[in-house]
Amino acid sequence: MSGMRTAFMDRAAALPAPPPTFSRAAVVIGLGILITYLIGLGVLGVTPWAIFERLPRLFSIVLTMFPPTPGSEAHFWTYLEALGETLAIAFVGTTVASIFAFPLGFLAARNVIANRILHFMSRRVLDCVRSVDTLIWALIWINVVGLGPFAGALAIASTDFAALAKLMSEAIETADQGPVEGIVAAGGNRFHVIRFGLLPQVLPIFASQALYYFESNTRSATIIGIVGAGGIGLYLSEMIRVLEWQEAAFLILMVLATVAAIDVVSRQLRAAIIGAPRG
Amino acid sequence: MLVLEGVNKTFGNTHAVQDVNLSIEPGQFIGVIGRSGAGKSTLLRMLNRLGEPTSGRITWNDTDVTALKGRDLRDWRRRCAMIFQHFNLVPRLDVLNNVLLGRVAYTPFWRAALKAWTRDDRAMAMAALDQLDMSGIAAQRADHLSGGQQQRVAICRALMQEPEVILADEPVASLDPRNSRIVMDALQRINRHFGLTVLCNLHSLDLARTYCDRLIGMAAGRVVFDDVPAALTDDAVRELYGMEANEVIGAADTAPQTGAMPVPMPA
């Protein structure tokens with residue numbers, strides 16, 4: 001034992017014990033999660049090893065997917081058109097959502113609308129709209145405007161305008177107050193403050209969020225296609241239903257490739273929008 | 001003449017500014033000094049109503065500043081331009097447009113919103129920049145500039161307001177000594193050249209002594225000193241700065257070149 005170690009150990013003997021690695025709170029929370037998990041398994045009537053018994057079935061499905069194929073060239077073109085439709089649903093939905101979210105974000109921002117009641121109301125309305133999933137909106141809109149891509153775009157617009165408006169209002173509320181004070185002190189009115197104090201700060205954030213939503217909506221648009229809101233999801237659910245796993249796999253790969261491509265492009269666009277090199 | 005009568009400002013139980021009575025002659029260069037938390041910023045921000053006084057009255061000539069609302073209040077803010085410690089420019093906007101924002105009170109909203117400033121305003125902005133040796137960087141984005149440059153842009157914006165008073169809230173506290181001199185020189189030129197009243201919060205006694213005609217010392221929200229810089233004796237400094245006094249005096253006597261640095265805290 002080195003001299004330093006001995007010296008420290010002697011000193012430590014006179015000190016109170018070091019704090020425990022796991023605090024009492026951490027132990028209680030950990031146990032709580034474990035117990036809740038076990039209760040959940042009981043409620044669902046599943047055992048953790050049930051999945052292992054069924055794994056061979058999953059493997060056989062995966063095997064029947066190979067090789068993925070569109071079936072015929074005619075199918076391929078149909079699927080490509082449907083993919084285009086899915087993209088259009090995502091794009092139109094996100095755009096409509098952004099157009100509505102932009103002004104609403106300002107209404108829901110505490111530092112723009114000083115009226116507490118109006119602020120509270122707009123916040124709660126947005127929360128309600130946002131908490132209804134896109135899939136449910138799709139089912140609702142299908143009943144209003146009929147099956148097809150229009151219902152899909154409306155479903156995406158419905159959920160996302162509320163989500164984007166909330167993000168927007170939070171960006172406005174956390175915006176740097178420096179430029180705002182600069183404009184106020186120069187004698188600017190409320191509109192000048194919004195135009196120059198807030199807008200330049202929140203616009204890039206908003207644009208980047210909208211892009212991100214477009215990206216994630218490409219996935220959502222596929223899912224809502226399954227309930228009949230148009231696009232490639234319709235074909236995907238059809239192929240799964242008739243157990244055409246090879247074609248289903250091909251469709252999944254098409255969606256995957258598209259999402260990956262959009263992801264790359266939008267990441268670069270977002271970096272370009274947000275990127276404000278200082279120096 | 002700017003007159004403060006019995007001005008108070010409280011935040012909860014804290015008396016940030018207590019019973020301040022002052023009258024300020026036009027054309028003076030006034031330094032407001034004191035340790036941080038003494039109420040200097042709070043006082044200055046009440047003058048253009050970025051902060052509301054809890055009680056008391058502020059008048060400019062015959063106008064009751066504390067009673068102004070809406071358009072009149074905005075016009076008053078136009079007439080007493082403020083310069084901030086952190087410049088408060090619009091970071092993503094170019095220098096010229098930042099300077100032109102000093103014209104918002106003169107310009108219809110649609111013109112300002114579209115940055116469709118008049119030819120004369122644009123020319124005036126270039127001239128203001130030129131006066132501070134900044135016309136060469138008119139097209140650069142504000143957030144690409146150094147602190148000293150940003151503060152000079154902020155001064156140009158203030159000049160565009162054609163103000164009668166300039167309130168400078170710790171204008172050099174974020175700057176290095178060289179840039180502090182440049183910015184203080186610019187404020188002094190404006191004061192001498194255009195006869196504008198300048199009220200400047202300063203942490204550094206050295207700068208305050210160099211540039212100001214009159215010093216107002218604050219401690220714990222009260223005005224405890226109000227005289228020409230020559231009258232600021234070591235005893236007066238002790239009253240103003242308390243525990244920090246020796247460091248302030250030492251810094252001013254032995255190392256004037258560090259005058260722009262914040263007063264060091266006692267260890």
Side-chain angles (χ1 to χ4, degrees), chain A residues 99 102-103 105-107 109-116 167-168 170-211 268-279, chain B residues 44-45 47-51 70-94 97-115 141-146 150 153-154 157-163 166-167 169:
Chain A
I99 292 169
F102 196 70
F106 280 97
L107 282 185
R110 203 174 322 141
N111 50 349
V112 175
I113 301 293
N115 187 326
R116 281 184 101 123
L167 282 167
M168 176 79 176
E170 270 159 15
I172 293 168
E173 283 176 4
T174 54
D176 178 15
Q177 289 304 295
V180 170
E181 283 199 335
I183 305 295
V184 171
N189 62 27
R190 180 190 296 250
F191 299 106
H192 290 120
V193 167
I194 292 175
R195 169 66 182 87
F196 289 107
L198 297 171
L199 205 59
Q201 289 191 68
V202 297
L203 205 55
I205 300 174
F206 185 72
S208 140
Q209 290 291 345
L211 261 173
Q268 278 169 356
L269 275 175
R270 276 186 287 144
I273 292 169
I274 289 279
R278 287 170 172 272
Chain B
L44 221 61
R45 291 167 64 87
L47 296 179
N48 69 348
R49 297 270 303 281
L50 280 186
R71 176 174 284 278
D72 292 334
L73 174 59
R74 293 199 295 275
D75 187 56
W76 164 242
R77 284 179 175 148
R78 194 275 298 161
R79 289 194 286 161
C80 66
M82 183 169 252
I83 290 161
F84 300 85
Q85 179 181 349
H86 298 291
F87 330 124
N88 291 7
L89 302 174
V90 179
R92 302 176 65 91
L93 205 59
D94 60 65
N97 275 297
N98 262 296
V99 172
L100 281 159
L101 282 177
R103 299 301 286 177
V104 281
Y106 295 93
T107 312
F109 174 69
W110 71 267
R111 270 189 173 275
L114 299 173
K115 296 185 255 183
R141 258 171 64 156
D143 54 358
H144 291 179
L145 305 183
S146 73
Q150 290 196 44
V153 173
R157 175 174 72 184
L159 292 179
M160 293 295 282
Q161 296 175 222
E162 297 178 62
I166 288 201
L167 310 171
D169 189 8

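Proteins come first, then strands; the chains are lettered A, B, ... in the order of their sequence lines, and each starts at number 1. Because the structure is predicted, anything quoted here is derived from the model rather than measured. Computed from heavy atoms alone, side chains included, the values below leave out hydrogens, waters and symmetry copies.
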Please look at [X] and chain A and tell me whether the side chain, the backbone, both or neither of the residue comes under 4.5 angstrom of a heavy atom of that chain.
| X | result |
| --- | --- |
| B:Leu101 | both |
| B:Asn48 | side chain |
| B:Phe84 | side chain |

Can you tell me how far apart [atom1] ([X]) and [atom2] ([Y]) are? Round to the nearest 0.5 Å.
| X | Y | atom1 | atom2 | value |
| --- | --- | --- | --- | --- |
| B:Arg74 | A:Arg190 | CZ | CZ | 10.0 Å |
| A:Glu181 | B:Arg45 | CD | CZ | 4.0 Å |
| A:Ile183 | B:Arg157 | CD1 | CZ | 6.0 Å |

Non-hydrogen atoms of [X] and [Y] that approach each other most closely:
| X | Y | result |
| --- | --- | --- |
| B:Val104 | A:Ala186 | CG2-O, 3.9 Å |
| A:Ala185 | B:Gln161 | O-NE2, 3.6 Å |
| B:Val90 | A:Phe196 | CG2-O, 3.4 Å |

Residue, of B:Arg79, B:Arg49, B:Lys115, B:His86, that accumulates the most heavy atom pairs under 4.5 Å with chain A
B:Lys115
Determine the option with the most heavy-atom pairs under 4.5 angstrom with chain A, choosing from B:Arg71, B:Arg77, B:Arg103.
B:Arg77
Taking atom CZ of A:Phe191 as the centre, does the number of heavy atoms from other residues, nucleotides or ligands within less than 6.0 Å exceed 12?
no
Okay, side chain of B:Arg78, backbone of A:Gly187: is any donor-acceptor separation there less than 3.5 Å?
no
Check whether A:Asp176 gets within reach of chain B through its side chain, its backbone, both or neither, counting any heavy atom under 4.5 Å.
neither
So do A:Pro200 and B:Pro91 actually touch side chain to side chain, heavy atoms under 4.5 Å?
no
